[in-house]
Amino acid sequence: MTAPAMHDDLVGRALEALPVPLCIYDAAHRLVFANAAAAAEIGGPQATAPIGASLREVVRAFALRGGLGPGDPEALAERHLGLDRGRPLRRLLRHADGRTHELRAIPLAEGGFCAVLLDISEQAAAAQDRLARAAALETVLAHLDGGVALYDDERRLVLNNPRYEALIGLPSGTLLPGITQAELLRLLAERGDVEAAHTAQPGSGGPAPLGHQWARPDGTVLRVGSKPVAHTGQLVELTDITARACAEAEARKRAALLQTAIDHLRQGIIVYGPDHRVRITNRLSGELAGHRPGAIRPGQRHEDVVRDMIPLGALDPGPEGEAIVARALGTDRSKPSTTVRDARGGRVIEVHSDPLPDGGFIVSHVDITARARAEAEARDRAALLQAMLDNLRHGIALYGPDSRLRHVNALAASLSGLAAEDLVPGQEMAALVDRQRERGVFGAGAAGVAGAEAVKALDRSTPDAGTCRLPDGRLIEAASDPMPDGGFMVTWTDITARADAEEAARRRAALLQGTLDGVRHGIALYGPDRRLVTANRLASPAQGLPQLDQRIGM
């Protein structure tokens, strides 16, 4: 084999071994060479190259296998055949299976052309991902509430979002990439915002300080931040803090108003931070906490405030004062607490400690001298009234408007048929009546149930009274009377002796009446007021009057 022949054979084998599909067409656009990779793309796996086939036949076969993308293969093939192969051709093809190819056709000197199909699916996917990420970033920038702009090292605008332009106060489309900061300042100057623009924009005297506020002529307040960006320039951020600035101004006014308000409170207020140092005090805080006016100052430690109470004379310098200081310093300030201490001069101070959300706490001092005296008097009076109630010969139970027990005296349990442990304040009246039924107060069986239900159904807004026989034989009169607050009071009275006496009197009267009726004379007895007291059965005929027993009291 000659050298040229060997060379051609070597080139042919190399082209055949290429993993890239390669086809060569003659001047008549008929296939004269196709390597194995091209044959597989045209006719599928294990296919052989259709040497001698026309370009139309090859393109149509390739379209039918989805090589030209989804859609009508015939229409796709026709469009592809319309391409000019007489000059270099480069075209992207999307395969129906999702792959992306780049078709390159290179015209040959003798009139044909060479076509190469490169699989660029990975590069296309990466490019698509970059485009998607860029689009997502643009969407994010476009929807930011704040303004963002990137300047290069020469103070020229590289990019910005629409919000940046709007916050500066320029019409949409005014800012274009490449505009210098000097030009931007001139635009702002023309709109009457020169000083603010120089202050707010980077480049005039160096970068704007982070957190700087820019008050624009229209009342908008912007927070300006700038920071260097490596290998690029500088990033400027604008945030509309108008609402916050207004809120802060309002907060300052409100704080002053609140300070005035707490200074006029009738209690001393000391607010401590999480570090247990004084933050806020009011006018009465020093006096009621046992300090001289103005002695408690912001920044002072809580421990020092408490310990200074002894040398300032607010507490006894002896063991009792030291014990108060120890208790105050040992109090858990994360929980509410209340203590009462006696101050000099007979004053009584109530000290409240309440936690704050930030980890600090607030201590309030209240002069409760008058209240303490009133409470002492009330306790003494309550004890006296309780003693009086406990010495009454009646059982008393007081119920609130919600029909729950409020108070009882000593005899209530015994005369109501209940045990002392039953009469616990807060118990419902219906539950106590059920307890009475269980203890046999209303009798046994169905009669007891009916009696209990009748008591429950009583209208407590009107007075009512009735009697019941306790299991031990005592006869009890129970009375219910409404109270002004909507509640009611139940009173139990032991009327056993009175009932027994009345029964004995009735029996004796019946005996005497029987004796009189047995006498063989007519008898009529008149009282000192000359009214008929009694008469026997013969008195009416004797006096010529009928039925004198029906005229008692005449």
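Hydrogens, waters and symmetry mates play no part in the numbers below; they use all other heavy atoms, side chains included.
Ion pairing between a basic and an acidic side chain is recognised when a charged N comes within 4.0 Å of a carboxylate O; D304 and R277 show no such pairing. Ion pairing between R223 and D240 fails under the 4.0 Å rule for side-chain N and carboxylate O. Ion pairing of D422 with R439 is present here, as a side-chain N (NZ or NE/NH1/NH2) and a carboxylate O approach within less than 4.0 Å.
Looking only at distances, no side-chain donor or acceptor of E477 sits under 3.5 Å from a matching main-chain atom of G466. At distances below 3.5 Å, at least one donor-acceptor pair connects side-chain atoms of T369 with backbone N or O atoms of V348. Using a distance-only test at 3.5 Å, with no hydrogens or angles considered, a donor-acceptor pair links the side chain of N282 to the main chain of I269. Of the possible polar contacts, none joining the S414 side chain to the L411 backbone as a donor-acceptor pair under 3.5 Å is found. Between the N409 side chain and the I396 main chain, a donor and an acceptor come within less than 3.5 Å of each other. Not one N or O on the side chain of E237 forms a donor-acceptor pair closer than 3.5 Å with the backbone of V148. Of the possible polar contacts, one joining the E165 side chain to the G173 backbone as a donor-acceptor pair under 3.5 Å is found. The backbone N or O of G147 sits nowhere less than 3.5 Å from a side-chain atom of R163 that would complete a donor-acceptor pair.
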Side chain to side chain contact (heavy atoms under 4.5 Å, CB included) between I362 and I270, intermediate numbers included: CA-CA 6 Å; I362 181 171; I270 308 174; over 6 Å; no
Verdict with supporting geometry, T496 and R474, side chain to side chain donor-acceptor pair (under 3.5 Å): CA-CA 6 Å; T496 307; R474 289 179 295 165; 6.0 Å; no
From CA spacing to verdict: side chain to side chain donor-acceptor pair (under 3.5 Å), H352, T338: CA-CA 5 Å; H352 300 272; T338 300; 3.0 Å; yes
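Smallest separation of non-hydrogen atoms from T174 and P171: OG1-O, 2.7 Å. For the pair D494 and I476, the tightest heavy-atom approach, listed with the atom from each and the gap, is CA-CD1, 3.8 Å.
Between H302 and Y272, the angle of the ring planes goes over 60°, which puts this pair in the perpendicular group of the 30/60° scheme.
In this structure, R437 has no salt bridge (charged side-chain N to carboxylate O under 4.0 Å, His left out) partners at least two apart in sequence or on a different chain.
Side-chain contact annotation: H394 with T493, donor-acceptor N/O pair under 3.5 Å present.
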